[in-house]
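Take a look at the structure below.
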Amino acid sequence: MGAEEERPPSPRAAEPAKLRLRRELGLASSVSLIAGCMIGAGIFMNPQHVLYHMGSPGGSLVIWAACGLLATLGALSYAELGTLITESGGDYVYILRTFGALPAFLVIYVSTLLVRPAGIAAMSLTFAEYVVAPFYPSCSSMPVVLVKCVAAACILILALANCRSVRLATGLMNLCTVAKVLALLVIIGGGFWVLVRGSAGDTLQNAFADTTQQLGSISIAFYQGLWSFNGWNNLNLVTEELRNSKKNLVRAVVISIPLVTVLYILVNLSYMVVMSPSDIRDSSAVAVTWGNQILGDWAWLVPLSVALSTFGSANGAFFSGSRVCYVAAREGHMPGILSMAHVRYLTPSPALTFTAAVALIMIIPGNFSSIVNFCRHGGSFVLWMIHGTTISCLLYLKVKKKDLPRSYKVPIIIPVIVLLASIYLILAPIIDQPQMEFLYVFLFMLSGIVVYFPIIYFRYRPRLLQEATVQIQLFLEVAPTMKNVD
């Protein structure tokens, strides 16, 4: 027999194998991601703002419960979208698949360049404030440069951890979430102990007296409360890395958000049992004031808890937020290098590096109060514009695409309620209490229309950026990836 002819390799065999991000998130890590992103500095620093705008302790508790209910209904609606469109990317990919490229680009433009980096910067600065404060006990203000350096170190450490390993990032997230829940349980236990001793104040007597009736004040109180629930939709950003995503997405939502809501209400009750309404309103950090009154020599546990909470929330924001940038690059709405993953660690390291760089840029000129105020007002405003648009996607698919296969469905009344709440949260503060942050964010979003067309131009002329992409790819040791959908 003669020698066999050599067959030319098929085009499919000649193509380089693409990488995939691993499915590392089980149910426990999914619950930890949602709860860990939500439990940040808000519950330790924000109750006084909700009480101030509502005018009464009872009204404040109603807002906290309503925020938890709205977050739960929103997350359940997103869960149905996650079973219909199983790609990572959350709001961005749902709007892209339903309404097209331009509205999706505006979402990614304002999210990756403004809202999410500002959130990470705010959490990192909060972490830095509480880490530095014990070294300057008698100073009313701390060295600004030192605070910013600690915040920058926080961002760099989290970026390195997330670039190194998904398991390292999720392990850190799980550890911080456990520490946060324990801290909240300590506060709840302290309030219960005061009740048992019979030394509770009279805050809850006539709890609804002086409750505001102004729609603008109520909406601002909602913004303040919902800031503490930010992250309820973060699991939808990473569905390609979620095991058994069509089931665990819903399970994680049902477990985590009601749990956090109950903890938040009990923590607020503990504050009210220990402190008077005026004490709560006058406090710059209500949890620290509570700790000074109840914990005595152990009061340092509260600042430590706030630091751990913000560190863990920043880690969750890095983990989930970078995936939005990664998916947008994969769809051609950001530079292609950001859609690649590290060849050994299988992490989206270019997207993580980009997210860290934008957050660092925000820290340099900004200060703690300005960035936090932006997140509470301007950031919440644009987030609810995005949430409302995303819920509109679900309603459109329910009406026009009834036959699409779904493993989970919510009654149509739920997304309708969330959409109406989104419209209220967008319009009420503009009408009743307009603020410049709303205008700035809206103008920034509109500027994305101008940026969109050059992006599309380069998208269809990849050779113009190919050489630079190859050089960065070699330097970062990254390679193209493919979708990891069910």
Side-chain angles (χ1 to χ4, degrees), residues 33 36-38 40-42 90-92 107-132 144-164 168-169 172-173 176 227 230-231 234 237-238 306-329 334-335 337-338 347-380 382-383 386 437 440-441 444-445 448 476:
L33 174 62
C37 287
M38 286 195 295
D91 304 89
Y92 164 75
V107 169
I108 200 67
Y109 177 73
V110 75
S111 295
T112 58
L113 295 181
L114 189 63
V115 177
R116 290 192 176 277
I120 293 171
M123 288 181 276
S124 301
L125 285 168
T126 305
F127 168 80
E129 290 256 344
Y130 279 88
V131 167
V132 173
V144 175
V145 174
L146 179 59
V147 170
K148 289 187 177 183
C149 287
V150 174
C154 170
I155 290 173
L156 293 174
I157 289 169
L158 290 175
L160 289 172
N162 278 269
C163 288
R164 179 62 179 81
L168 176 60
L172 182 62
M173 185 166 53
C176 288
W227 188 56
N230 272 356
N234 275 10
L237 306 180
V238 296
V306 177
L308 279 174
S309 293
T310 51
F311 187 78
S313 295
N315 179 53
F318 254 113
F319 183 84
S320 55
S322 62
R323 270 58 176 181
V324 184
C325 177
Y326 163 80
V327 173
M334 295 192 78
I337 188 68
L338 301 180
T347 58
S349 53
L352 286 160
T353 303
F354 175 81
T355 303
V358 179
L360 286 170
I361 291 170
M362 285 198 165
I363 283 177
I364 295 169
N367 58 64
F368 174 76
S369 59
S370 63
I371 293 177
V372 169
N373 285 334
F374 167 77
C375 291
R376 284 175 177 162
H377 298 105
S380 296
V382 74
L383 280 177
I386 294 171
E437 287 93 341
Y440 295 152
V441 169
F444 184 84
M445 180 177 285
L476 296 178

**Complete:** All heavy atoms of Ala121 vs all of Ala359, minimum pair found to be CB-O, 4.1 Å

**Prompt:** Tell me, do Val306 and Thr126 make a side-chain contact under 4.5 Å, heavy atoms counted?
**Reply:** yes

**Asked** With side chains defined as the heavy atoms from C-beta onward, is the minimum distance between Asn162 and Thr347 less than 4.5 Å?
**Response** no

**Request:** Output all residues satisfying side-chain contact (heavy atoms from CB on, under 4.5 Å) with Leu113, sequence neighbours left out; order by chain, then residue number.
**Result:** Tyr109, Phe354, Phe444

**Request:** Taking the side chain as every heavy atom from C-beta outward, state whether Val110 and Ile386 have any atom pair closer than 4.5 Å.
**Result:** yes

**Fill in**
Here the pair of heavy atoms bringing Leu352 nearest to Ser322 is CD2-OG, 3.2 Å

**Asked** Listed by chain and number, what are the side-chain contact (heavy atoms from CB on, under 4.5 Å) partners of Thr353, not counting sequence neighbours?
**Response** Cys163

**Request:** For residues Ile364 and Lys148, determine if any side-chain heavy atom of one lies less than 4.5 Å from a side-chain heavy atom of the other.
**Result:** no

**Complete:** Separation between CG (Asn234) and CZ (Arg323), nearest 0.5 Å, reads 11.5 Å

**Asked** For the atom pair CE (Met334) and CD1 (Ile108), what is the distance rounded to the nearest 0.5 Å?
**Response** 6.5 Å

**Item:** Gly40 versus Ser309, closest heavy-atom pair with distance
**Value:** O-CB, 3.8 Å

**Message:** If you define the side chain from C-beta out and look only at heavy atoms, does anything of Leu158 sit under 4.5 Å from Leu172?
**Reply:** yes

**Message:** Just verifying a value: how many Å separate Cys154 SG and Ile363 CD1, rounded to the nearest 0.5 Å?
**Reply:** 8.0 Å

**Prompt:** Looking at CE of Met123 and SG of Cys37, how far apart are the two atoms once the value is rounded to the nearest 0.5 Å?
**Reply:** 7.5 Å

**Request:** Would you indicate whether the side-chain heavy atoms of Leu156 and Leu360 approach each other to under 4.5 Å?
**Result:** yes

**Request:** Provide the closest heavy-atom pair for Val358 versus Thr112 in the form atom of the first, atom of the second, distance.
**Result:** CG1-O, 4.1 Å

**Prompt:** Looking only at heavy atoms, which two atoms of Pro348 and Tyr326 are closest? And how far apart?
**Reply:** CB-CD1, 3.9 Å

**Request:** Starting at CG of Asn315, measure out to CD1 of Ile120 and round the result to the nearest 0.5 Å.
**Result:** 10.0 Å

**Asked** Within a strict 4.5 Å, meaning less than it, do heavy atoms of the Ile155 and Phe318 side chains meet?
**Response** yes

